[in-house]
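So the structure is just underneath, and the comments pick up after that.
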Number of protein chains: 4
Amino acid sequence: MRPENNPVGQNSRSFIETARRAQIVASAIEVIAEHGFAGASLARIAEHAGISKGVISYHFTGKDELMEEVVSQVYADTVRYILARMEGQETATALLRTQIIAGAQHMREHRAQVKALGEIFSNLRLPDGRPRYGVAASEELFQSLEHIYRLGQQSGEFRPFDVRVMAVSHLAAMDNMFAYWSAHPEHDLEAHARELADLFEHAVGARKTRS
Amino acid sequence: MRPENNPVGQNSRSFIETARRAQIVASAIEVIAEHGFAGASLARIAEHAGISKGVISYHFTGKDELMEEVVSQVYADTVRYILARMEGQETATALLRTQIIAGAQHMREHRAQVKALGEIFSNLRLPDGRPRYGVAASEELFQSLEHIYRLGQQSGEFRPFDVRVMAVSHLAAMDNMFAYWSAHPEHDLEAHARELADLFEHAVGARKTRS
Amino acid sequence: MRPENNPVGQNSRSFIETARRAQIVASAIEVIAEHGFAGASLARIAEHAGISKGVISYHFTGKDELMEEVVSQVYADTVRYILARMEGQETATALLRTQIIAGAQHMREHRAQVKALGEIFSNLRLPDGRPRYGVAASEELFQSLEHIYRLGQQSGEFRPFDVRVMAVSHLAAMDNMFAYWSAHPEHDLEAHARELADLFEHAVGARKTRS
Amino acid sequence: MRPENNPVGQNSRSFIETARRAQIVASAIEVIAEHGFAGASLARIAEHAGISKGVISYHFTGKDELMEEVVSQVYADTVRYILARMEGQETATALLRTQIIAGAQHMREHRAQVKALGEIFSNLRLPDGRPRYGVAASEELFQSLEHIYRLGQQSGEFRPFDVRVMAVSHLAAMDNMFAYWSAHPEHDLEAHARELADLFEHAVGARKTRS
DNA sequence: TATGAATGAGTTTTCATTCAT
DNA sequence: GATGAATGAAAACTCATTCAT
């Protein structure tokens with residue numbers, strides 16, 4: 001019986017448990033990235049990890065918990081990666097460019113994670129059939145992008161525009177940059193990112209572009 | 001046994017056959033739009049259409065052929081709809097705006113089709129497990145958008161930029177405009193489309209915007 | 001897709017469907033009687049019937065529906081059998097004896113059914129874990145037995161006593177007569193039934209025993 | 001490796017071992033009583049006892065041995081309880097009444113044990129699929145009841161009747177008194193027991209009933 | 001002694017597909 | 001042409017049991 005809830009201040013999981021969960025999550029990411037959400041059966045994930053099917057059931061309540069664990073790990077990683085690189089940027093324009101460039105770097109380095117995240121976002125459903133993560137799940141990301149856009153509008157760097165539309169389009173463009181690169185591995189991701197940064201810089205009507 | 005390939009000069013499908021296929025395709029669209037790709041079993045599609053499961057198997061080689069039929073019908077409709085509205089536009093800027101605005105109109109009027117198309121695009125796989133329609137499937141759309149962008153660059157309306165990146169981002173922004181509106185039905189789709197048109201007009205550095 | 005609800009006045013199930021359901025129910029009865037409730041997996045029931053597992057799923061919503069169908073068929077049979085033999089009896093004493101003797105006859109002739117019924121009654125549970133048929137499920141039987149006892153009390157044949165306790169004990173004694181006979185097939189069921197009839201005749205303090 | 005068979009003259013189990021087994025048996029009783037035989041997984045029993053699943057496997061050869069241990073403990077308790085109260089009774093009629101009344105008291109005080117016993121009796125199976133405890137398992141009880149009945153017949157208190165049928169019915173009536181009370185907790189168990197005593201007193205044709 | 005971890009057999013259920021009528 | 005019926009593979013999940021530490 002794996003302990004589910006335990007007293008505050010105690011590490012909830014043993015070292016080995018943490019390692020196994022991480023291993024399973026990693027295997028799930030790779031399998032989803034390669035075979036898609038529907039192709040990622042527990043059997044395949046277990047086989048890919050070189051363990052028995054039962055191990056997954058032992059460490060996770062069910063497939064849903066595994067998927068949610070993948071999401072929360074990848075999501076946290078991604079946000080941390082990008083925010084770290086945005087630190088210290090002062091102008092909204094710089095923040096904007098950095099967000100895009102750093103996002104592309106992250107995608108290159110974590111190709112499978114990003115792909116798996118996308119698959120889960122658009123396929124995982126609640127027991128009642130409604131999407132588990134809808135576009136609504138991106139709300140947090142939208143808001144952090146809107147923050148940048150509003151900053152630029154307040155400082156006068158950016159023209160007036162609807163920040164929500166800009167954020168939605170921004171996220172969409174980044175997701176598809178990744179998808180396009182996944183489908184065309186010879187495509188130059190860095191160049192794409194720079195072009196995209198230019199695109200949004202113009203879109204926001206930035207008064208001064210990078211020197 | 002239904003004849004699959006038949007002599008030239010004969011209409012390949014009878015009237016009744018065509019009608020049945022259309023009925024099944026329509027049912028498939030609605031079911032996919034409501035329940036998602038994974039939730040769209042043949043049983044559900046048949047039930048929704050008020051016919052027996054066997055009919056689908058009779059008229060289609062298999063589920064895959066049905067899905068591909070959905071794609072080709074919806075795809076053709078969409079292109080026809082938007083191209084019709086773009087006819088007569090003279091400047092690249094006008095073409096660009098029209099493409100976006102008309103696309104939004106089409107989405108509003110064909111909500112289920114658009115949603116089903118997206119589901120199939122991102123979920124249907126070849127027997128070997130590779131995606132049936134990757135981003136690569138959008139190649140045709142990319143090229144038609146690139147055509148507009150190149151036109152603008154040649155006429156001097158647009159600044160220089162990588163047309164492929166612009167096209168990928170353009171399509172992404174439109175797809176997600178739809179997804180966002182689907183998740184937030186109270187969202188003003190027309191306003192979003194106008195904002196998006198402004199966004200790309202600025203992004204391409206259009207010399208003269210609409211007044 | 002099997003039709004679930006259909007217009008009034010139409011036979012709901014085709015001939016073949018009815019036959020298959022009956023065949024599956026019969027197989028289920030035999031398997032439960034032999035292997036017990038827990039040993040009656042769908043796989044075993046299907047194998048015993050010489051059909052594929054899927055057939056059961058095709059004709060029944062799930063295992064629960066099959067079990068409930070077994071109950072309702074066997075239950076109806078049993079009640080019909082015994083009531084038919086009780087018809088025409090005039091005194092409460094005669095009704096009482098007949099109920100017991102006819103019950104024993106029915107058990108002998110429908111050994112597996114009775115056993116299966118008992119297994120399902122004491123093992124089938126609702127999704128939430130509560131028993132599907134508790135002792136409460138015997139309420140109907142209790143009442144029909146109480147009817148006999150009250151008749152005897154009103155006619156002065158029987159002494160005063162708590163009819164519910166008498167009915168509960170009566171049913172218990174019959175169930176266990178069957179169970180005992182099942183475990184000791186050489187046991188004389190008819191003689192047991194006659195003894196049991198005597199037992200209850202004395203228990204109710206019958207003024208005049210059978211001539 | 002826990003020693004299974006050990007030299008004569010040694011206490012076969014250490015104090016701690018005995019305590020653990022008792023704790024596990026107690027937990028098993030409660031879980032079976034609440035969730036039924038099928039719902040009593042080792043995992044649930046361990047969790048309920050606040051120990052790890054492995055402990056059960058360590059102290060018992062397997063689930064079957066645990067179940068048999070439950071049976072033998074509860075059975076011994078029950079017999080001891082009732083026999084103690086029957087001591088000193090002189091007439092067969094008094095013994096009969098006492099057996100029933102004391103049985104009811106025991107049920108009230110050991111509700112979970114009685115329920116668990118019933119569940120195990122009717123569900124536990126040998127590896128080959130045959131019931132581990134059939135009605136045959138009650139042989140000992142039958143004989144002790146028959147002893148009372150024969151006593152009454154020899155002393156002339158009771159009429160002639162088949163003592164085995166009387167014993168089987170007696171035990172059945174008591175089991176179901178408990179089951180009925182379990183399903184209807186507001187039911188008056190003591191009153192039921194008194195009625196049952198009257199029932200059997202009349203059934204045996206007792207010459208002098210209690211005033 | 002005790003435990004967490006792992007295993008693999010077995011359960012129900014879903015589903016695309018095939019086929020006789 | 002259309003349908004009901006049947007199939008069997010694959011899915012997620014449960015569970016008693018085993019084992020190294």
Side-chain angles (χ1 to χ4, degrees), chain A residues 1-3 13-17 19-21 38-46 49-66, chain B residues 1-2 14 16-17 19-20 38-46 51-66, chain C residues 1-3 13-17 19-21 24 38-46 50-66, chain D residues 1-2 14 16-17 19-20 38-46 51-66:
Chain A
M1 198 77 334
R2 205 163 39 73
R13 301 190 207 281
S14 72
F15 170 73
I16 197 162
E17 162 123 42
R20 260 284 186 258
R21 283 176 69 101
S41 67
L42 292 186
R44 207 151 13 200
I45 294 170
I51 57 179
S52 123
K53 257 189 308 177
V55 188
I56 300 181
S57 295
Y58 178 75
H59 289 283
F60 295 90
T61 306
K63 196 182 187 179
D64 289 1
E65 198 205 320
L66 171 55
Chain B
M1 192 83 334
R2 195 167 47 76
S14 73
I16 197 163
E17 162 112 35
R20 263 282 189 254
S41 66
L42 290 188
R44 222 179 327 223
I45 293 169
I51 59 180
S52 121
K53 249 191 314 177
V55 190
I56 299 182
S57 297
Y58 181 75
H59 289 283
F60 294 90
T61 307
K63 196 182 188 182
D64 289 0
E65 199 206 324
L66 170 55
Chain C
M1 194 81 332
R2 203 164 42 73
R13 301 191 205 281
S14 72
F15 170 74
I16 195 162
E17 161 122 42
R20 261 281 187 257
R21 283 178 67 100
I24 294 167
S41 67
L42 292 186
R44 199 135 42 185
I45 294 170
I51 57 179
S52 122
K53 257 187 308 177
V55 188
I56 300 182
S57 295
Y58 178 74
H59 289 283
F60 295 90
T61 306
K63 196 182 187 180
D64 289 1
E65 198 204 320
L66 171 55
Chain D
M1 189 85 333
R2 197 166 47 75
S14 74
I16 199 166
E17 162 111 37
R20 263 282 190 254
S41 66
L42 290 189
R44 217 170 341 215
I45 293 170
I51 57 178
S52 121
K53 250 192 313 180
V55 190
I56 300 181
S57 298
Y58 180 76
H59 289 283
F60 294 90
T61 306
K63 196 182 188 182
D64 289 0
E65 200 208 321
L66 170 56

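So that the names make sense, note that chain A is the first sequence line, chain B the second, and so on, each numbered from 1. Values below: all heavy atoms of this structure, side chains included; hydrogens, waters and symmetry mates excluded.
- Although no hydrogens or angles enter the test, the distance criterion places a donor-acceptor pair under 3.5 Å between the side chain of C:R21 and the main chain of C:H59.
- For C:H59 and F:dA6, the shortest distance from a side-chain N or O to OP1 or OP2 is below 4.0 Å.
- When each of F:dA12, E:dT17, E:dA5 is scored by its nearest atom to the side-chain atoms of B:L42, the top-ranked nucleotide is E:dT17.
- If you take CD of B:E17 and P of F:dG1, they are 6 Å apart, rounded to a whole angstrom.
- Across all strands shown, C:S52 has heavy atoms under 4.0 Å from base atoms, whether or not it also approaches the sugar-phosphate.
- With rounding to whole Å, A:R21 atom CZ is found 13 Å from E:dA6 atom P.
- One can place NZ of B:K53 at 8 Å from C1' of E:dA16, the figure rounded to the nearest angstrom.
- D:I56 approaches D:L42 most closely through the heavy-atom pair CD1-O, 3.8 Å.
- Computed from coordinates, the C:F60 CZ to E:dT14 P distance equals 15 Å when rounded to whole Å.
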Stepwise side-chain contact (heavy atoms from CB on, under 4.5 Å) check, D:R20 with D:I51
CA-CA 10 Å; D:R20 263 282 190 254; D:I51 57 178; 4.0 Å; yes
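- Distance C:I45 CD1 to E:dT13 P: 11 Å, rounded to the nearest Å.
- If you check E:dT3, F:dA6, F:dA12 against the side chain of C:Y58, the one that comes closest is F:dA6.
- With a 3.5 Å ceiling on both atom-pair distances, the Watson-Crick or G-U wobble partner of E:dT12 is F:dA11.
- With contacts defined as side-chain heavy-atom distances shorter than 4.5 Å, the pair D:T61/D:L66 does not qualify.
- Counting all heavy atoms, side chain and backbone alike, D:K63 lies closest to D:S41 at NZ-CA, 4.2 Å.
- Between D:I56 atom CD1 and E:dG4 atom C1' the separation is 14 Å, expressed in whole Å.
- In this structure, the nucleotide among E:dT7, F:dA2, E:dT17 sitting nearest to the side chain of A:V55 is E:dT7.
- Mapping B:G54 and A:K63 onto DNA chain F by nearest heavy atom places B:G54 at the nucleotide closer to the 5' end.
- Atom CZ of A:F15 is separated from atom C1' of F:dT21 by 15 Å (rounded to the nearest Å).
- Per the geometry, CZ belonging to D:R44 stands 10 Å off P belonging to F:dA16, to the nearest Å.
- Nucleotide E:dA6 has F:dT17 as its partner under the Watson-Crick or G-U criteria, with both atom distances under 3.5 Å.
- Relative to the side chain of A:S57, the nucleotides F:dA5, F:dT3, F:dT14 differ in distance, and F:dT14 lies closest.
- Nearer the 5' end of DNA chain F, as judged by each residue's closest nucleotide, is the contact made by B:I16, out of B:I16 and A:A43.
- Remark on DNA chain E: of its neighbouring residues C:S41 and D:R20, the 5'-side contact belongs to D:R20, judged by nearest-heavy-atom nucleotide.
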